[in-house]
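Proteins get letters first, then strands, A, B, ... in listed order; numbering begins at 1 in each.
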2 protein chains.
Amino acid sequence: MSRFDATENRINLTHQRFPGYPREPAMLVRLVKAISQHVHDTANLVLRQYGLNHTDYNVLMMLYGCQQEGMTVTQLRDAAAEKSANVTRVCNILYDRGWMARFADPQDRRRVLVSLTPEGEALVEQFLPSMSSLLNQYGAAFDARETAQLENLLKRLLGVAEQIEREL
Amino acid sequence: MSRFDATENRINLTHQRFPGYPREPAMLVRLVKAISQHVHDTANLVLRQYGLNHTDYNVLMMLYGCQQEGMTVTQLRDAAAEKSANVTRVCNILYDRGWMARFADPQDRRRVLVSLTPEGEALVEQFLPSMSSLLNQYGAAFDARETAQLENLLKRLLGVAEQIEREL
DNA sequence: ACCGAATAGTTCATTTATGTACTATTCGGT
DNA sequence: ACCGAATAGTACATAAATGAACTATTCGGT
């Protein structure tokens with residue numbers, strides 16, 4: 001009995017009251033939000049011992065995954081699915097704590113290149129084991145075929161979500 | 001070329017640098033976050049004209065989907081995937097604007113029953129057409145079989161996410 | 001070469017969200 | 001019946017996130 005059953009019931013009833021309200025997409029969107037929220041909360045709990053939260057983690061991981069060359073703030077914004085103002089805020093924190101380096105892109109002086117310092121890399125490698133085992137617990141829900149299926153379906157959903165937002 | 005490609009590349013590289021970091025669950029979790037974020041932003045944009053945001057909407061819809069009987073704040077918290085403190089905050093707003101009724105549950109006086117006022121129902125019915133058509137755009141990405149598949153996989157993912165959080 | 005439009009990023013005020021502590025009530029074992 | 005533990009909800013201080021305005025730089029058409 002998941003807590004989501006309540007949501008499902010409400011959606012079904014709304015669809016009855018107002019037939020134009022589409023049951024299936026409403027379910028999908030609510031499921032995504034609920035999962036996202038649980039992942040967020042759980043990550044916050046685990047990361048707390050490192051003085052980090054889930055957003056900090058997302059940003060740090062994207063930087064860890066680009067080696068020494070660094071990336072721009074806009075790339076970081078897209079990769080971490082955050083607003084640029086929020087990326088700036090998080091980067092200020094990471095920079096102040098000595099985990100991030102920042103320098104102007106010589107190619108385009110509007111751009112700011114960000115990357116991890118050695119201290120930042122060490123920090124990431126410190127929490128990576130616990131975060132990896134957490135991620136593995138999510139992965140354990142599916143076999144390889146299902147995982148591939150889910151990834152494919154989510155990519156398509158993300159595609160339309162991006163498009164809808166763009167066209168609005 | 002989705003903006004998610006950047007994320008995918010970072011994850012692959014991280015997996016190379018630190019093989020214990022599991023690529024697939026990391027992808028799933030990031031996809032969910034990205035979708036959630038886009039849905040949130042788009043809904044905020046659409047709902048703005050009604051003086052509402054996505055969270056207000058989620059709460060209002062759950063209340064609309066339970067007819068006159070109302071629901072408790074805890075049920076609302078679960079159904080809307082929010083923290084109780086946030087539900088209180090949103091309810092204060094909705095109450096102040098005259099869209100929500102609140103009264104103590106006679107069965108258990110710790111509980112507060114919330115429901116929509118007639119004005120609240122009218123408001124919901126006012127934005128439901130635009131929100132329904134927005135939802136339909138998401139649904140258009142899949143045929144019936146795929147939708148069912150995705151719903152099933154997401155429910156399972158939510159199940160483990162809930163369990164992981166519970167056990168932490 | 002020039003200039004208006006577009007892009008990258010930050011700042012700032014405000015809104016939204018969270019953790020924690022607290023009150024009131026109910027539950028459950030004795 | 002009593003009392004310590006558990007539950008429901010709110011209050012409050014703080015943190016996280018956002019929109020919009022702004023600066024600096026680059027782009028693109030003439």
Side-chain angles (χ1 to χ4, degrees), chain A residues 3 6 33 36-49 51-59 70-97 100 102-114 165 168, chain B residues 3 6 33 36-49 51-59 70-97 100 102-114 165 168:
Chain A
R3 294 185 171 178
K33 169 158 169 62
S36 184
Q37 179 78 34
H38 283 290
V39 169
H40 186 69
D41 292 346
T42 304
N44 275 343
L45 222 51
V46 171
L47 290 163
R48 182 166 227 176
Q49 59 190 296
L52 297 169
N53 64 30
H54 189 223
T55 308
D56 302 333
Y57 162 84
N58 279 332
V59 167
M71 61 200 299
T72 70
V73 170
T74 298
Q75 290 172 327
L76 191 51
R77 176 201 65 186
D78 292 341
E82 294 293 339
K83 294 284 158 50
S84 29
N86 206 29
V87 172
T88 296
R89 182 184 62 81
V90 170
C91 286
N92 286 338
I93 295 172
L94 301 180
Y95 181 83
D96 290 346
R97 297 187 188 167
M100 176 187 276
R102 273 168 152 164
F103 44 95
D105 184 343
Q107 309 300 311
D108 181 342
R109 297 208 332 281
R110 291 171 303 180
R111 292 187 179 146
V112 174
L113 291 170
V114 289
E165 193 179 356
L168 212 82
Chain B
R3 293 185 170 178
K33 170 161 170 58
S36 184
Q37 180 78 33
H38 283 290
V39 168
H40 185 68
D41 292 346
T42 304
N44 275 342
L45 222 53
V46 171
L47 290 162
R48 182 168 231 175
Q49 61 191 295
L52 297 169
N53 64 28
H54 189 221
T55 307
D56 302 333
Y57 163 84
N58 280 331
V59 167
M71 62 201 299
T72 70
V73 170
T74 298
Q75 290 172 327
L76 191 52
R77 177 201 65 187
D78 292 340
E82 294 293 338
K83 294 283 158 50
S84 28
N86 206 30
V87 171
T88 296
R89 181 183 64 81
V90 170
C91 285
N92 286 339
I93 294 171
L94 301 181
Y95 180 84
D96 290 347
R97 295 188 189 167
M100 175 187 278
R102 272 167 152 165
F103 44 94
D105 184 344
Q107 309 300 310
D108 180 342
R109 299 210 330 282
R110 290 172 304 182
R111 291 188 181 144
V112 174
L113 291 170
V114 288
E165 194 180 356
L168 214 82

Hey, does A/Arg102 reach any base, or is it just sugar-phosphate, or nothing, if we go heavy atoms under 4.0 Å?
sugar-phosphate
Counting only side-chain heavy atoms from C-beta out, which of C/dT26, D/dG9, D/dT18 sits nearest to B/Arg111?
D/dG9
Return the nearest nucleotide to the side chain of A/Ala85; candidates are C/dA8, D/dA20, D/dA17.
D/dA20
Is the closest side-chain donor-acceptor distance between A/Arg89 and A/Asn92 under 3.5 Å?
no
Can you give me the closest heavy-atom contact between B/Cys91 and B/Met100, atom names plus distance?
SG-CE, 3.5 Å
Indicate, with a heavy-atom threshold strictly under 4.0 Å, whether A/Gln75 touches base, sugar-phosphate, or nothing.
nothing
Quiz question: going by heavy-atom distance under 3.5 Å, is there a donor-acceptor pair between the base of C/dT7 and the side chain of A/Arg110?
yes
For A/Ile93 and A/Arg109, take the nucleotide of DNA chain D holding the closest heavy atom to each; which residue's nucleotide lies nearer the 5' end?
A/Ile93
Which is true for B/Asp105 with a 4.0 Å heavy-atom rule: it touches a base, it touches only sugar-phosphate, or it touches nothing?
nothing
Just to be sure I understand the rule, does B/Asp108 reach a base, reach only the sugar-phosphate, or reach nothing, if contact means heavy atoms closer than 4.0 Å?
sugar-phosphate
Pair assignment for D/dT30, Watson-Crick or G-U wobble, requiring both distances under 3.5 Å:
C/dA1
Classify A/Asn44 by what it touches in the nucleic acid, base, sugar-phosphate, or nothing, heavy-atom distance under 4.0 Å.
nothing
